[in-house]
Chemist: 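Here it is: the structure, laid out below.
Here is the naming used below: chain letters follow the sequence lines, and residue numbers restart at 1 for every chain.
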There are 2 protein chains.
Amino acid sequence: MAQPTITDVARHAGVSIKTVSRVLNREDGVRDSTRLRVESAIADLGYAPNQSARDLASRHAHLICLVYDDPSAYELPSAGYIMRMQSGALRVCRQHGYELLIHPCNYRNKDIHADLEGVIRRARPAGILLAAPLSNMRGIVGTINASGTPLVRLSPGLKRVQDRVVATNDREFSAGMVHHLAALGHHRIAFISGHPKHKAVGQRLLGYQDGLEQCGLAFSPQLVAAGDNSFCSGRTAALQLLQQPCRPTAIFAANDDMAVGVMHAAHQLGVRIPGDLSVAGCDDITLAQQVFPPLTTTRQPFAAMAEQATLMLIQGSAKDRPDQDGVVVPGSLQIRATTGPPPE
Amino acid sequence: MAQPTITDVARHAGVSIKTVSRVLNREDGVRDSTRLRVESAIADLGYAPNQSARDLASRHAHLICLVYDDPSAYELPSAGYIMRMQSGALRVCRQHGYELLIHPCNYRNKDIHADLEGVIRRARPAGILLAAPLSNMRGIVGTINASGTPLVRLSPGLKRVQDRVVATNDREFSAGMVHHLAALGHHRIAFISGHPKHKAVGQRLLGYQDGLEQCGLAFSPQLVAAGDNSFCSGRTAALQLLQQPCRPTAIFAANDDMAVGVMHAAHQLGVRIPGDLSVAGCDDITLAQQVFPPLTTTRQPFAAMAEQATLMLIQGSAKDRPDQDGVVVPGSLQIRATTGPPPE
DNA sequence: AAGAAAGCTGACAACGTTGTCAACCGGAAC
DNA sequence: GTTCCGGTTGACAACGTTGTCAGCTTTCTT
């Protein structure tokens with residue numbers, strides 16, 4: 001049951017182990033005929049290189065470490081977010097012969113710095129993917145950078161794109177949602193803003209204003225209500241918006257939880273969706289497709305972001321080009337059934 | 001920025017590297033005074049052992065590999081299931097200095113065998129955790145066993161507990177749900193069965209029958225409707241059950257999707273929950289807490305199962321005792337707001 | 001007090017790769 | 001016929017641990 005080693009392959013192909021190593025790593029400077037001989041030896045023996053040995057010799061593990069805030073602390077509302085990132089990162093890791101290590105941790109925990117230093121020292125990953133909200137915390141970024149491990153941050157909603165960051169265009173796609181509503185014929189489009197500390201959500205208010213302006217609609221403070229990202233705050237804000245004299249025909253909420261709150265309030269007031277009121281959200285949480293009618297929303301491209309970031313890490317470490325520009329991965333509108341033409 | 005090595009620690013403590021190694025691995029046969037000296041040297045230098053070197057020398061990686069069916073193929077309905085397993089496995093891995101490798105794969109893919117052989121050969125994990133439904137597929141289990149890597153299977157709903165399997169007691173806790181309903185005063189408790197191919201769901205019908213018998217209630221075929229695990233099938237089955245002459249006062253569905261379907265049907269018929277009808281499900285999916293009123297259900301202990309299984313793998317490999325008995329981790333009732341006393 | 005047993009400790013060889021550098025080989029240039 | 005040079009290849013030393021086994025101390029036994 002002993003696995004064949006590089007020595008076995010070398011003997012079988014009649015070359016030195018170094019040549020086999022060169023073939024494995026696609027280094028050039030190997031004659032085609034030799035390469036072929038080695039490759040068939042590899043196939044004959046069913047050989048696969050031993051990662052541990054490889055990692056030891058090459059001074060870093062072929063491992064990407066995905067660090068995110070521990071969701072089990074809050075009972076899994078963010079499961080979809082994390083699964084999408086995992087799946088994007090995994091896809092790229094596999095293409096390049098890397099494995100993905102997942103490392104959830106809780107930012108409220110004082111030991112988080114020692115914890116991160118621990119994984120880095122033990123596993124020696126080739127790079128670290130740091131997800132929001134951890135990616136916006138100075139201390140954590142500092143700890144990782146101090147270790148010298150290449151880092152790429154996933155930071156949706158950053159104002160300016162920084163180096164080694166993968167961001168989203170929340171402002172742009174929020175404007176896009178306003179365009180969608182305006183195109184349906186809406187003039188009075190309300191907005192429910194989110195928690196002031198949440199960066200991406202802040203960008204969405206700006207995007208809403210951009211959208212109004214681009215569509216030639218006036219911005220009215222009476223059409224903006226403050227929420228805090230929760231279902232309840234969305235419900236309250238909607239009740240307020242819908243009971244004012246000149247009621248909006250569409251409500252755009254800065255996240256899906258609040259949008260679902262809006263739907264609840266509308267139901268309570270006997271306002272039909274989308275007949276009397278169009279509703280739109282942001283995030284495309286799992287619930288968005290499960291409510292009735294299915295919610296029109298915007299999807300942050302978490303999987304694509306993670307793919308980009310992983311690629312930056314792997315190629316950066318391969319090419320000794322650790323510094324790379326930031327990248328913006330565009331979100332997309334998910335038009336479903338809660339938006340339609342205004343009444344009359 | 002060079003990390004200290006075991007040699008540095010040895011020099012600093014005035015011992016040989018072997019002694020440091022012994023301290024690191026908690027081997028006995030080290031004098032307390034020596035151990036203390038080494039430990040303080042480790043602390044002084046901020047040393048952490050290099051996993052790659054360790055793995056190479058000890059012939060296996062300190063890695064547990066969690067293999068599950070790829071959810072991104074079906075758009076993430078099972079995100080909660082997977083996150084819970086991950087989080088349980090991670091908890092135990094960390095306690096024992098292991099890392100967790102995640103390896104989703106699609107059983108419909110012909111390459112799955114080569115794929116699994118690949119990870120095993122490359123990463124040389126200390127053990128593999130195989131989640132349902134993959135854990136019940138002969139071919140896949142065979143491929144992993146052929147590699148010689150220790151395997152533990154997570155198989156909810158197995159009839160008989162086998163070796164190296166962590167199972168659940170679906171039959172028992174389903175009976176428990178009937179007890180809960182009977183205790184509230186229900187006599188006419190209906191059941192909606194699930195997809196015949198899904199093992200755990202099959203056990204639940206048996207548990208329902210056990211529960212009736214234990215509570216001295218008669219089993220009536222008219223109170224059992226067939227579903228297929230989907231929301232729609234639950235809805236249809238409920239419409240049928242609720243429109244028959246002598247309507248049940250409680251409906252117990254073999255999974256939560258169908259239970260939510262029941263709630264939908266009741267809403268449509270103007271049947272109040274829990275005033276007119278109690279509803280119970282199984283699985284405790286995320287949606288269960290998001291519907292109104294929150295759904296009474298049973299929770300399969302995925303995190304605890306994964307903890308158990310990981311422990312079996314780690315201790316099995318440590319003690320050269322690869323064969324271990326199977327274990328049943330009990331599920332629990334999640335009593336929420338959809339169950340209450342029957343009307344009158 | 002001597003010998004035996006147990007308790008500690010260390011020297012050194014794995015483990016299976018990659019990195020470094022020297023050597024070889026064939027053809028072009030002189 | 002040398003010399004030189006780029007393209008190929010291989011010998012051998014890392015990499016940082018663990019495993020084996022021998023040797024040195026203690027402690028126990030008589």
Chemist: Bend across the helix from C:dA1-D:dT30 to C:dC30-D:dG1, to 10°, with axes taken over 5 pairs at each end?
Modeler: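 Rounded to the nearest 10 degrees, the bend comes out at 40°.
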Chemist: So, using salt bridge (charged side-chain N to carboxylate O under 4.0 Å, His left out) as the criterion, who are the partners of A:R11 when residues are at least two apart?
Modeler: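 In terms of salt bridge (charged side-chain N to carboxylate O under 4.0 Å, His left out), with neighbours along the sequence ignored, A:R11 is linked to A:D8.
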Chemist: Checking B:R35 now: which residues fulfil salt bridge (charged side-chain N to carboxylate O under 4.0 Å, His left out) with it, not counting sequence neighbours?
Modeler: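 In terms of salt bridge (charged side-chain N to carboxylate O under 4.0 Å, His left out), with neighbours along the sequence ignored, B:R35 is linked to no residue.
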Chemist: Classify the side-chain pair B:Q51/B:E99 by whether it contains a donor and acceptor separated by less than 3.5 Å.
Modeler: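 Note: B:Q51 and B:E99 side chains miss the donor-acceptor criterion.
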Chemist: Show me, pair by pair, the donor-acceptor contacts under 3.5 angstrom made by side chains of residues 128-142 of chain A, not counting sequence neighbours?
Modeler:
residue	atom	partner	partner atom	Å
A:S135	OG	A:A132	N	3.3
A:S135	OG	A:L154	O	2.9
A:S135	OG	A:S155	OG	3.1
A:N136	OD1	A:S155	OG	3.1

Chemist: Can you list everything that forms a side-chain contact (heavy atoms from CB on, under 4.5 Å) with B:N169? Sequence neighbours excluded, please.
Modeler: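 B:N169 satisfies side-chain contact (heavy atoms from CB on, under 4.5 Å) with B:E172, B:F173, B:V328, B:P330 only.
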Chemist: Please enumerate all residues that pass side-chain contact (heavy atoms from CB on, under 4.5 Å) together with B:E27, with sequence neighbours excluded.
Modeler: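 B:E27 satisfies side-chain contact (heavy atoms from CB on, under 4.5 Å) with B:R22, B:N25 once adjacent residues are dropped.
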Chemist: State which residues pass side-chain contact (heavy atoms from CB on, under 4.5 Å) with A:R59; sequence neighbours excluded, sorted by chain then number.
Modeler: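 Residues passing side-chain contact (heavy atoms from CB on, under 4.5 Å) with A:R59: none at all.
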Chemist: Looking at residues 31-45 of chain B, who's got a heavy atom less than 4.0 Å off DNA chain D?
Modeler: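 Correct list: empty, so none.
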Chemist: Indicate for each nucleotide in nucleotides 16-22 of chain D, in 5' to 3' sequence, whether protein heavy atoms under 4.0 Å reach the base (B), only the sugar-phosphate (S), or nothing (-).
Modeler: BBBBB--
Chemist: Quick one: side chains of residues 36-47 of chain A, donor-acceptor pairs under 3.5 Å with protein atoms, not counting sequence neighbours, listed by atom name and distance.
Modeler:
residue	atom	partner	partner atom	Å
A:R37	NH1	A:A13	O	2.8
A:S40	OG	A:R37	O	3.1

Chemist: What residues, two or more places apart in sequence or in another chain, satisfy side-chain contact (heavy atoms from CB on, under 4.5 Å) together with B:Q308?
Modeler: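 B:Q308 satisfies side-chain contact (heavy atoms from CB on, under 4.5 Å) with B:V166, B:M312, B:V327, B:V329 once adjacent residues are dropped.
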Chemist: Please enumerate all residues that pass ring pair (Phe, Tyr, Trp, His ring centres under 6.0 Å) together with B:H62, with sequence neighbours excluded.
Modeler: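 B:H62 satisfies ring pair (Phe, Tyr, Trp, His ring centres under 6.0 Å) with B:H60, B:Y98 only.
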